[in-house]
Amino acid sequence: MTESTPASEMPKTYDPQTTEPALMERWLASGAFKRSKGRAGAEGVVEDCTVTIPPPNVTGILHMGHAMDDTIQDAFIRYNRMRGRSTRWIVGTDHAGISTQTKVDKKLKGEGISRLEIGREAFLEACQEWRDEYGGTIIRQIKRMGCSCDFDDEKFTMSPEYALAVRKVFCDWYHDGLIYRGKRIVNWCPSCRTAISDDEAEYRDEPGHLWYLRYPLKEPVDGVEHIVVATTRPETMLGDTGVAVAEDDPEKAAFVGKTVVLPIVGREIPIFSDWHVDKGFGTGFVKVTPAHDPNDFAMGEAHDLPKVNIFDETAHVVEGYGEFSGLDRDEARERVVAWFEEHGLLDHVEEHEHSVMHCYRCDTTLEPWLSEQWFVAVDRLKGPATEAVTSGKVTFHPERWTQTYLTWMENLKDWCISRQLWWGHRIPIFTCADCGWEDACMEDVEVCPECGSHAVVQDPDVLDTWFSSQLWTFATQGWPEDASELERHHPTKVLVTARDIIALWVARMIMSSLYFLGEIPFEDVYIYAIILAKDGTRMSKSKGNGVDPLDLMARYGADAMRFNLLTLITNNQDVRFDAEFSKKTGEFIGSPRTEQAKGFVTKIWNASRFVLMNLEGYEPGPAEAATPEDAWMLSRLARQVARATEALETYEFGDYARELQGFFWNEVCDWYVELCKGRLNSGDADARRQAQRNLAYVLDTSLRLLHPVMPFVTEAVWDAMPASAVDGEPHDGRFLMEAAWPEPENYARWVNEAAEHDFDLARSVVSAVRSTRARYRLSPKEPLAVAVKAPGQDAARLGEQTAFICELAHVSELTVGSDAAKPQGSVSVVDGALEIFIALGGLVDLDAERSRLEKALAKARKELAGTERTLANQGFLAKAATEVVEAKRIRAKELAETIVRLEAQLADLG
RNA sequence: GGGCGAUUGGCGCAACGGUCAGCGCAGGUGCUUUACACGCACAAGGCUGGGGGUUCGAAUCCCUCAUCGCCCACCA
């Protein structure tokens with residue numbers, strides 16, 4: 001910030017497209033985004049505010065969810081930096097195992113290459129290339145938004161340092177007995193011969209059948225010789241090891257504990273009850289195939305059933321099933337059904353639609369397949385993680401998400417962490433093929449430490465992406481090698497994220513941080529609303545209703561988009577974004593709300609330009625409540641400082657933005673700036689100087705308050721300001737982003753309730769005159785004579801404000817008094833304790849005035865009647881709070897007085 | 001199927017048990033007021049989705065119905 005633009009050179013229009021990137025360059029070059037040292041507070045302690053960005057996928061591009069997330073974080077970070085806290089926003093990307101691998105896979109497929117052909121090494125190289133090419137995209141987009149992240153120290157969940165942390169966590173948990181190997185059903189693609197993760201599988205509803213098969217009972221039950229099961233996959237009956245009924249099914253109770261002889265196979269299998277079963281579906285009897293269905297697997301575990309795998313890796317029936325062995329699953333289905341029919345065991349067949357999983361790559365129907373996987377046992381983790389939240393150490397905002405977290409934690413099952421992918425952290429488990437030695441190792445092992453064999457192999461699978469991202473708050477801060485940063489900057493202040501990853505990510509971060517650091521990863525979790533399209537449905541590429549934040553910024557600028565996003569925030573869990581698209585081309589046309597926000601950016605620019613244009617001869621000096629309007633403005637400013645500070649401290653971002661806009665636009669611009677024009681143009685040098693100082697003070701403070709959400713335009717204006725009116729020193733070389741936040745206690749002395757009341761009286765008079773003028777279609781230039789009758793105290797206060805009332809309402813002659821007389825031929829307006837008479841001579845339309853007054857009278861009488869009814873209610877008087885009763889009494893008195901005045905005016909009209 | 005949330009003037013939203021239910025946009029009227037027409041002023045527009053309950057008092061709390069949406073789990 002070496003050169004500042006003289007006010008006279010402030011361009012007439014503000015262009016975010018040139019200003020925003022240029023400012024960003026200067027901020028970046030200055031190092032202002034690195035950790036701020038902060039300022040010591042009253043106790044001599046510098047508070048800490050470290051925030052880690054939820055790492056976007058390395059291959060990702062910015063979408064509206066990121067835009068919301070990052071706007072909230074940046075507003076919070078900028079506020080805290082100004083507040084004097086030691087602040088750093090840690091940025092980085094996630095390697096995103098599945099989605100990166102899928103993208104690279106598709107790219108290679110487009111080139112006619114299969115990852116299975118080129119092998120693991122070559123494929124990982126291709127992934128690395130992809131990351132190098134696209135990895136910077138989203139970081140550049142975040143920069144376009146003006147986010148004040150520490151970009152010089154970007155993190156990555158697969159960097160060597162990070163990999164070390166991941167490996168240590170795995171090994172420690174393994175040696176502490178938290179990581180174990182177990183069997184689990186995965187989605188197997190018989191064509192690709194690989195497991196497909198849940199996220200890669202595509203569900204599709206397809207027409208199918210429900211086959212009703214008869215299973216003979218070993219011994220008849222009450223004369224019944226066989227039961228009937230319903231299945232969509234009859235071929236899997238070869239692997240059945242049980243039959244289940246619902247726990248709450250009295251009709252089936254007699255069958256529980258009995259035995260069925262499985263047809264074809266001849267296996268004797270038990271009948272048992274389980275909560276998985278819905279007695280209303282099918283026959284109420286469910287065949288259980290633990291090796292080929294996830295639910296059946298769970299039942300098999302619970303009831304200790306054998307898991308019989310009947311398919312090989314190409315989904316052909318394995319040896320041992322006679323004529324069925326060697327058949328593929330479709331042939332097997334036909335033959336099994338035919339066999340049941342031939343033997344009179346096929347009860348009947350129904351049409352049945354059900355969802356089927358397909359391979360995202362080759363579209364083959366996936367086969368649930370039993371395989372070896374690695375798990376994290378959560379028993380020892382969930383207790384502390386639950387306590388961290390119930391005790392209030394970690395707080396959710398809004399509070400309602402606490403329940404989501406606790407419910408999930410309560411139902412938490414062991415976490416399957418192995419993924420059959422190549423792109424990711426490879427599981428550091430080494431096994432000796434010769435002697436069976438196995439261990440989790442920090443260093444790669446080539447020779448078996450037990451038998452010296454070279455036949456040591458590493459587990460081929462990689463870790464779930466969340467396994468590495470759960471370490472984000474501390475693995476990005478030097479853990480495990482150097483704990484010095486963690487000592488001062490962990491736990492982090494807040495995690496800002498979407499509700500759909502409370503379970504996947506938030507909960508796991510809490511568990512791992514508690515385990516390895518013995519402390520929570522963050523104090524607060526702020527869950528923001530999901531941004532939906534205009535029609536209330538989720539934005540999606542296929543629907544074409546999604547809007548690209550870059551398009552928004554190209555059209556309206558980053559400040560406008562940021563402001564728009566914050567004002568959208570309410571207590572609601574979803575918000576709608578009003579992006580409009582061309583019906584013909586589907587192209588983004590615009591967003592009215594963002595356009596409004598752009599209007600506010602322009603308003604700030606223009607108001608600032610006006611102030612700066614009028615600073616000629618400005619001498620820095622203290623603000624002063626020299627006039628009633630000054631006292632009012634400074635009081636309002638003080639309240640706004642307190643309110644904005646409170647709102648940001650309590651994560652009320654929407655209120656912060658909306659209230660600030662109302663204040664700056666409707667109070668500062670519409671009233672105060674207008675009111676200062678007189679003094680600025682008068683020949684009175686002292687009055688002009690004071691108006692300049694006050695305007696500069698109000699503008700300076702407003703810019704500081706607005707900066708967290710509107711960093712660019714506020715910084716651009718600040719750049720043009722000759723000196724800070726708050727500290728009275730030239731601020732060349734300092735950025736607004738590094739300036740001090742207006743501390744409420746420094747403004748508290750301006751709060752002046754009486755001044756606010758007095759100003760409201762003057763505003764009432766101005767509004768009454770303007771309104772009357774509009775009703776009679778009189779030009780604003782037409783001078784009018786006005787008399788105001790007010791109670792003594794109010795009359796005196798109004799008397800001090802006649803100058804500006806006359807100016808704003810174009811009043812030529814203003815009389816104020818407790819006994820002011822109504823001039824001949826005038827219109828009267830009753831507003832609270834004021835009676836305002838506007839002289840119109842012969843123009844007064846008696847009928848119109850009468851009906852207007854009658855309308856007002858009727859309204860007042862109606863409200864008075866209601867109020868009196870309440871006051872007559874014994875229950876109300878007995879139970880309502882005294883201040884509420886008192887407020888009602890005062891209101892009744894006011895209404896009664898208003899009615900008297902209105903009646904008098906009506907009588908006067910004749 | 002489970003969980004969460006919404007329903008307030010034409011549209012988007014506030015109001016979180018107690019003043020005449022507020023605000024913005026759109027629409028209306030009038031203003032080339034020398035910061036801003038991306039502006040200013042003025043006026044109009046609502047028995048708060050239906051029904052029931054709790055309470056002295058309900059847009060607000062409870063129940064129910066209807067409609068809509070989001071998240072999670074997926075049905076043998």
Side-chain angles (χ1 to χ4, degrees), chain A residues 10 12-14 203 210 229-233 236 244 276-278 280-283 285-289 293-296 299 352 354-355 357 400-401 403-404 407-408 498-500 502-503 529-530 532 534-538 556 560 567-568 570-578 592-593 595-614 654-655 658 661-662 666 669-670 673-674 677 681 766-767 770-775 777-781 808 810 859-860 862-863 866-867 870 873-881 883-885 887-888 890-891 894-895:
Chain A
M10 259 181 100
K12 192 161 185 220
T13 55
Y14 172 70
Y203 281 97
L210 253 188
V229 299
T231 178
T232 55
R233 300 202 52 199
T236 63
H276 285 270
V277 181
D278 169 10
F281 188 90
T283 60
F285 287 105
V286 181
K287 61 189 275 310
V288 180
T289 322
D293 181 278
N295 277 330
D296 290 6
M299 287 195 271
H352 182 70
H354 60 137
S355 68
M357 284 193 292
R400 91 178 83 100
W401 299 111
Q403 201 47 52
T404 304
T407 304
W408 185 82
R499 66 171 174 276
D500 49 357
I502 289 175
I530 300 280
L532 304 175
K534 201 182 170 188
D535 62 0
T537 63
R538 192 149 202 160
Y556 307 110
T567 55
L568 281 177
T570 67
N571 284 329
N572 215 322
Q573 63 179 1
D574 308 308
V575 296
R576 297 184 187 193
F577 196 86
D578 65 345
R593 291 286 298 265
E595 197 166 336
Q596 270 173 255
K598 167 83 188 300
F600 185 41
V601 173
T602 307
K603 188 75 181 177
I604 293 167
W605 181 257
N606 281 314
S608 304
R609 202 161 60 89
F610 171 81
V611 173
L612 299 190
M613 275 164 49
N614 282 285
D655 290 339
R658 285 187 296 266
Q661 179 178 29
N666 303 125
C669 292
D670 290 350
V673 169
E674 291 304 319
K677 286 179 179 174
N681 294 327
V766 171
S767 293
R770 282 172 174 171
S771 174
T772 303
R773 208 187 279 281
R775 266 191 294 122
R777 296 182 179 270
L778 295 173
S779 160
K781 286 179 177 167
L808 259 59
H810 287 94
K859 198 181 162 198
K862 191 183 165 194
E863 198 197 330
T867 307
T870 306
N873 187 324
Q874 289 307 315
F876 174 74
L877 296 175
K879 295 180 182 175
E883 57 269 26
V884 173
V885 176
K888 277 276 181 204
I890 290 169
R891 182 64 187 155
E894 282 171 3
L895 284 165

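Reminder, nothing fancy here: chain letters follow the sequence lines and each chain counts from 1.
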Just compare B:rC75, B:rC36, B:rC4 and give me whichever is closest to any side-chain atom of A:Glu674.
-> B:rC36

Would you call A:Glu595 and A:Lys598 a salt bridge, using N to O less than 4.0 angstrom?
-> no

Selection from B:rC42, B:rA35, B:rG18 that lies nearest to any side-chain heavy atom of A:Val884 | B:rG18

Whole-angstrom distance between B:rA59 and B:rG3, as gauged at atom P | 29 Å

Report the stems of RNA chain B as range-with-range entries sorted by first number; a stem here is at least three consecutive pairs, Watson-Crick or G-U wobble, both distances under 3.5 Å, and write none if there are none.
-> B:1-7 with B:66-72, B:10-13 with B:22-25, B:28-31 with B:39-42, B:49-53 with B:61-65

Rounded P spacing from B:rG18 to B:rG57 in Å | 15 Å

Considering only atom P, compute the distance from B:rA43 to B:rG22 and round it to an integer number of Å.
-> 15 Å

Send over the distance from A:Arg400 CZ to B:rC71 P, rounded to a whole Å.
-> 15 Å

What is the nucleic acid contact for A:Arg775, judged by heavy atoms within less than 4.0 Å: base, sugar-phosphate only, or nothing?
-> nothing

When only distance counts, do a donor and an acceptor, one from the side chain of A:Lys603 and one from the base of B:rC36, lie under 3.5 Å apart?
-> yes

Would you indicate which nucleotide in B:rC31, B:rC42, B:rA35 comes nearest to any side-chain atom of A:Pro780?
-> B:rC31

So what does A:Arg773 hit on the nucleic acid, given a heavy-atom distance under 4.0 Å: a base, only sugar-phosphate, or nothing?
-> nothing

Winner on side-chain proximity to A:Thr602, out of B:rA35, B:rU29, B:rC38, is B:rC38

Measure from CG on A:Leu778 to C1' on B:rC31 and round the result to the nearest Å.
-> 13 Å

Distance between C1' atoms of B:rG51 and B:rU29 (Å, rounded) = 42 Å

Which part of the nucleic acid, if any, lies within reach of A:Thr404 when heavy atoms closer than 4.0 Å are counted: base, sugar-phosphate only, or nothing?
-> nothing

When all nucleic acid strands are considered with a 4.0 Å heavy-atom cut-off, which category describes A:Val885: base, sugar-phosphate, or nothing?
-> nothing

With the side chain defined as heavy atoms from C-beta on, A:Ser771 is closest, among B:rC70, B:rG5, B:rA43, to B:rA43

Go through A:Arg499 and A:Thr404 one step at a time and tell me if the side chain to side chain contact (heavy atoms under 4.5 Å, CB included) criterion holds.
-> CA-CA 9 Å; A:Arg499 66 171 174 276; A:Thr404 304; over 6 Å; no

Indicate whether OP1 or OP2 belonging to B:rC47 is found under 4.0 Å from a side-chain N or O atom of A:Lys862.
-> no

Counting any heavy atom closer than 4.0 Å, what does A:Asp578 reach on the DNA or RNA strands: base, sugar-phosphate only, or nothing?
-> nothing

Looking only at B:rC75, B:rC42, B:rC13, the nucleotide nearest the A:Thr570 side chain is B:rC13

Could you state the atom-to-atom distance from NZ of A:Lys598 to P of B:rC38 in whole Å?
-> 10 Å

Is there side-chain contact between A:Thr602 and A:Tyr14, with heavy atoms separated by less than 4.5 Å?
-> no

For A:Leu568, answer base if it contacts any base atom (sugar-phosphate contacts may also be present), sugar-phosphate if it contacts only those atoms, and nothing otherwise; contact means non-hydrogen atoms under 4.0 Å.
-> nothing

Just how far, in rounded Å, is P of B:rA41 from NZ of A:Lys781?
-> 18 Å

A:Asn606 or A:Arg891: which one's nearest nucleotide on RNA chain B is closer to the 5' end?
-> A:Arg891

Any A:Thr232 side-chain nitrogen or oxygen under 4.0 Å from OP1 or OP2 of B:rC75 = no

Starting at CZ of A:Arg593 and ending at P of B:rA14, how long is that distance when rounded to a whole Å?
-> 10 Å

B:rU54 versus B:rG69 - spacing of their C1' atoms, nearest Å | 30 Å

When you get a sec, tell me which of B:rC70, B:rC38, B:rC42 is the closest nucleotide to the side chain of A:Asp574?
-> B:rC70

Has A:Lys677 got a side-chain N or O lying under 4.0 Å from the OP1 or OP2 atom of B:rU34?
-> no

For the side chain of A:Lys888, starting at C-beta, report the closest nucleotide among B:rC42, B:rG18, B:rU19.
-> B:rU19

Could you check whether A:Ala887 gets within reach of a base, just the sugar-phosphate, or nothing at all, counting any heavy atom under 4.0 Å?
-> nothing

Indicate, with a heavy-atom threshold strictly under 4.0 Å, whether A:Asp670 touches base, sugar-phosphate, or nothing.
-> sugar-phosphate

Give a yes/no on whether any side-chain N or O of A:Lys534 is located under 4.0 angstrom from OP1 or OP2 of B:rG12.
-> no

Look at all strands and tell whether A:Val288 reaches a base, only sugar-phosphate, or nothing, counting heavy atoms closer than 4.0 Å.
-> nothing

From the options B:rC36, B:rG18, B:rG24, select the nucleotide whose nearest atom is closest to the side chain of A:Phe876.
-> B:rG18

Closest-nucleotide ordering on RNA chain B, the 5'-leading residue of A:Thr567 and A:Trp401 = A:Trp401

What's the CD-P distance between A:Glu595 and B:rC25, to the nearest Å?
-> 12 Å

Mind calculating the distance between CD1 (A:Ile502) and C1' (B:rG5) to the nearest angstrom?
-> 13 Å

In whole Å, what is the span from the CG atom of A:Asn873 to the P atom of B:rA58?
-> 11 Å

Between B:rA44 and B:rU32 - C1' atom distance, rounded Å | 26 Å

Out of B:rC71, B:rC75, B:rC42, which nucleotide sits closest to the side chain of A:Arg499?
-> B:rC71

Determine the interatomic distance between C1' on B:rG45 and the same-named atom on B:rU33; round to the nearest Å.
-> 29 Å

Provide the distance between the two P atoms, one in B:rG12 and one in B:rU7, to the nearest whole Å.
-> 11 Å

